[in-house]
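Taking it in order: structure first as structure tokens, then the write-up.
Bear in mind that the values here come from a model prediction, so they are computed numbers and not experimental data. To find a chain, count down the sequence lines: A is the first, B the second, and so on, and within it residues start at 1.
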Amino acid sequence: MLIFILKRIGQMLLIMLIVSVMLFLLLEINVESVAVKVLGQYSTQEQRELWLQRNGYYDPIYERYGRWLWGFVTGDLGESVRFKKPINDFMWDRLWNTAVLGFWAMAFIIPLALVLGILSGMREGSWLDRTISVTSIITTSIPEFASAPLLAAIFVFGLGWLPGTSSMIGGFDWKQLVLPVAVLVIYDFGYVARMTRASMAEVMTTHYIRTAVLKGLPYRSVILKHALRNALIAPFTVIMLQIPWLLSGVIVVEFFFAYKGFGALLLEASLNQDILLIEAASMVAVFVVVATQTLSDIGYTYLNPRIRFT
Amino acid sequence: MATIATVPAPGYGAALMNALRSFALLRESIVGMAGTALVLFWAILALGAPLFAPCDPNATLLAFAKPGTPIPIADACWSDTFILGTDNIGRDILSRIVWGARTVLTWAPIAAICAYAVGIVLGLAAGYYRGWIDDVLSGVSNIILAFPVLVLYILIIATFGASPLNIVFAVTFATGPLVMRIVRGLVLDLRNREYVAAAETRGETAWRIMLVEILPNARGPLIVDGCLRLGYVIITIGVLGFLGLGLPPPDPDWGGMINETRQMALAFPHMTVFPCIAISSLILGFNLMADGLREISLRD
């Protein structure tokens, strides 16, 4: 088990290293365009050359990459052109804000999806199953950028219950968190619910469940004691892998509600071609994805004895 | 040799017919029928866009008109009123939605087909040859899949610029690996079947075996996934338009319409609500179709 974990972590580091090379090549191979992006469209040729010279951009590319990677590993992310201050000063706050948003979204998605998935997988083909299935197909068909304006139209403009922006200028405010979380939950819960349903339905057809029913156990205890333990292994993976999805979703939600989070930061960096910030933010995003993939692999192996002992 | 050769090897045409037959089975599922109806509705609107759109989608006629407002300019449109109103610079929303259907139903299938072509070819190669080819291809796909999808799209489009072809490229690049993984898994299972061994004995080439013997037998899960994937591609095109990275203006695109008018949604909800409903219903159509197809494939 320990060897397996170490192997997965090694793979994870390798992927991040390769991603860092790709990002660096994509964004910095053309030094001329780097100078234009940093100094602006209207800088003169001499200014650009002087700036490139002073910042060591005429060094060989592997030397520049090595320097950037070393800075990254030691925690020196450089300075953002867009925000005119060191990336370390603001990126982690933004990431924290997104973590808060993501946490609350998950806090609703997980129980909602599991309960609905179990209820509909319990009796496959029943009217309850059909209702839940169709409902979850409908909600997953409304992308975040469509449900956000629709919800805003109803709750902000129609009923006037909630604020339409979530910039949290006057400090943390619960009311401003409701709509962004709701949008994420609506789009995401259906997928997890359907996966839970599939897993539950499969478990319900197994022999040990049939045995438990036939020996006269109450239905309730068949579900709670026998079915659930095995039915919840697959949804664990699905939920872990939902975190990268959420990271895509928050970009849209933060953009729409002007929430000061990591997704909005990444978008702003890309639109303004703020190279060092794009690199730093993308690496953090990739780390989150790879880390959740690794954790879900390890967790799945740990939870599922059939895999652990083979 | 002679005895084996009397069993006719299936041709490319038969493989295609089998794929089409799966769609014909859809009529047995209510959910699938509903999805097909939604998709057909938008497909017909997109095909007949010049006929169905009352006005020129880019003509500025009357700004901020609510649904039902009479059209002030004679002969500009075939309808008497703005059925769904106009947007902030006076373009007819119904016309833009109809033409937007054509935009999205042109580029989404093209992008999805490209992603599938790449994914299928690479997946077949990885699953059939295994060994180092599989290692390399799986490694590359793991690296691409290490990005949150939207981050990858934003990086590609922000670096190379927003154009239809770049969107197709971005979708192929980001989705191809996912398709590859599915195909690879299916091929690993199917390549040990007897008909593959028979074809190898007949001396068929590796690619003919992959495309004619293996691929048609993997079609079930792939068709279901294709419908879902098409829904995701539509979402992607919409998100990019919404974030201002989509198809260049002024041609209508649903995501762009939502983005352009969301600031005005306070006083004029019709500007945003109708494009939202349009895109959601089209995605719903593909998702319902996928669900119907899955239900049918599980039955037998």
Side-chain angles (χ1 to χ4, degrees), chain A residues 11-12 14-16 18-19 22-23 26-27 33 130 133-134 136-150 152-154 156-158 164 187 190 194 243-252 255-256 263 266-267 269-273 278 281-282 285-290 293, chain B residues 30-31 34-35 38 139-140 142-160 228 231-232 234-236 238-239 241-245 254-255 258-259 261-262 265-267 269-273 275-288 290-291 295:
Chain A
Q11 267 174 18
M12 178 177 139
L14 184 69
I15 286 181
M16 289 200 57
I18 297 171
V19 165
M22 278 171 51
L23 270 175
L26 178 73
L27 295 165
S33 72
R130 292 199 173 258
S133 292
V134 171
S136 55
I137 294 179
I138 292 174
T139 57
T140 38
S141 300
I142 310 175
E144 289 106 343
F145 65 90
S147 62
L150 288 176
I154 297 171
V156 181
F157 310 131
Y187 182 62
R194 290 173 65 72
I243 293 172
W245 265 107
L246 219 52
L247 211 56
S248 290
V250 291
I251 296 179
V252 173
F255 173 71
F256 185 85
L266 207 151
L267 181 68
S270 304
L271 293 182
N272 293 291
Q273 291 292 307
I278 299 176
S282 306
V286 168
F287 172 76
V288 172
V289 176
V290 184
Q293 284 171 350
Chain B
I30 300 166
V31 171
L38 272 174
V140 171
N142 279 340
I143 288 159
I144 295 171
L145 296 175
F147 284 90
V149 256
L150 193 50
V151 174
L152 199 54
Y153 287 130
I154 292 172
L155 277 178
I156 294 175
I157 299 294
T159 312
F160 297 108
L228 286 178
Y232 284 127
I234 292 167
I235 294 182
T236 302
V239 168
F242 175 75
L243 296 176
L245 291 165
W254 292 343
I258 297 173
N259 184 34
T261 58
R262 65 196 178 90
L266 169 59
H270 68 269
M271 293 181 188
T272 356
V273 167
C276 287
I277 294 173
I279 195 158
S280 303
S281 65
L282 180 58
I283 298 163
L284 179 64
F286 281 113
N287 286 350
L288 290 176
D291 198 63
E295 199 181 300

Under the side chain to side chain contact (heavy atoms under 4.5 Å, CB included) criterion, do B:Asp291 and A:Arg194 qualify, and how do the steps go? CA-CA 11 Å; B:Asp291 198 63; A:Arg194 290 173 65 72; 2.5 Å; yes
Intermediate values then yes/no, side chain to side chain contact (heavy atoms under 4.5 Å, CB included), A:Val252 and B:Val239: CA-CA 8 Å; A:Val252 173; B:Val239 168; 3.9 Å; yes
Check against side chain to side chain contact (heavy atoms under 4.5 Å, CB included), A:Tyr187 and B:Ile235: CA-CA 12 Å; A:Tyr187 182 62; B:Ile235 294 182; 3.3 Å; yes
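Residue A:Val286 comes nearest to B:Pro148 through the heavy atom pair N-CD, 4.5 Å, listed as atom of the first residue, atom of the second, then distance. Summarising the geometry of B:Cys276 relative to A:Phe145, their closest heavy-atom pair is SG-O, 4.4 Å, with the distance given to 0.1 Å. Nearest heavy atom pair, residue B:Leu145 against residue A:Val289, reads O-CG1, 3.8 Å.
The aromatic rings of B:Phe242 and A:Phe256 lie parallel to each other, with less than 30° between the two planes, well short of the 60° mark.
Atoms CG and CG, on B:Leu243 and A:Leu267 in that order, are 5.5 Å from each other to the nearest 0.5 Å. Taking CD of A:Glu144 as the reference point, atom CG of B:Leu150 lies at 8.5 Å (rounded to 0.5 Å). Here the straight-line distance linking atom CG of A:Leu271 with atom CD1 of B:Ile154 works out to 7.5 Å at 0.5 Å rounding. The CG atom of A:Leu26 sits 5.5 Å away from atom CZ of B:Phe160, with the distance rounded to the nearest 0.5 Å. Atom CD1 of B:Ile283 is separated from atom OG1 of A:Thr140 by 9.5 Å, given to the nearest 0.5 angstrom.
No part of A:Met16 comes within reach of chain B, as not one of its non-hydrogen atoms sits under 4.5 angstrom from that chain. For B:Ile258, the part lying near chain A is the side chain, with the backbone staying farther off; criterion is any non-hydrogen pair under 4.5 Å. Residue A:Phe287: no heavy atom, backbone or side chain, is found under 4.5 Å from chain B. Only the side chain of B:Leu245 comes within contact range of chain A, with at least one heavy atom under 4.5 Å from a heavy atom of that chain. Heavy atoms of A:Ile138 lying under 4.5 Å from chain B belong to its backbone as well as its side chain. Heavy atoms of B:Thr272 lying under 4.5 Å from chain A belong exclusively to its side chain.
Heavy-atom pairs under 4.5 Å with chain B peak, among A:Ile137, A:Ile15, A:Leu14, A:Ile142, at A:Ile137. Highest contact tally toward chain B, considering only A:Gly249, A:Ala285, A:Ala153, is held by A:Ala285 [criterion: heavy-atom pairs under 4.5 Å]. Among the candidates B:Leu152, B:Thr261, B:Val151, the residue making the largest number of heavy-atom pairs closer than 4.5 Å to chain A is B:Val151. Of the listed residues (B:Ser280, B:Gly139, B:Ala290), the greatest number of heavy-atom pairs within a distance under 4.5 Å of chain A belongs to B:Ser280.
Residues that satisfy the side-chain contact (heavy atoms from CB on, under 4.5 Å) test with B:Ala158, not counting sequence neighbours, are A:Ser270, A:Gln273. In this view, A:Ser282 satisfies the side-chain hydrogen bond (donor to acceptor under 3.5 Å, both in side chains) rule with no residue, not counting sequence neighbours.
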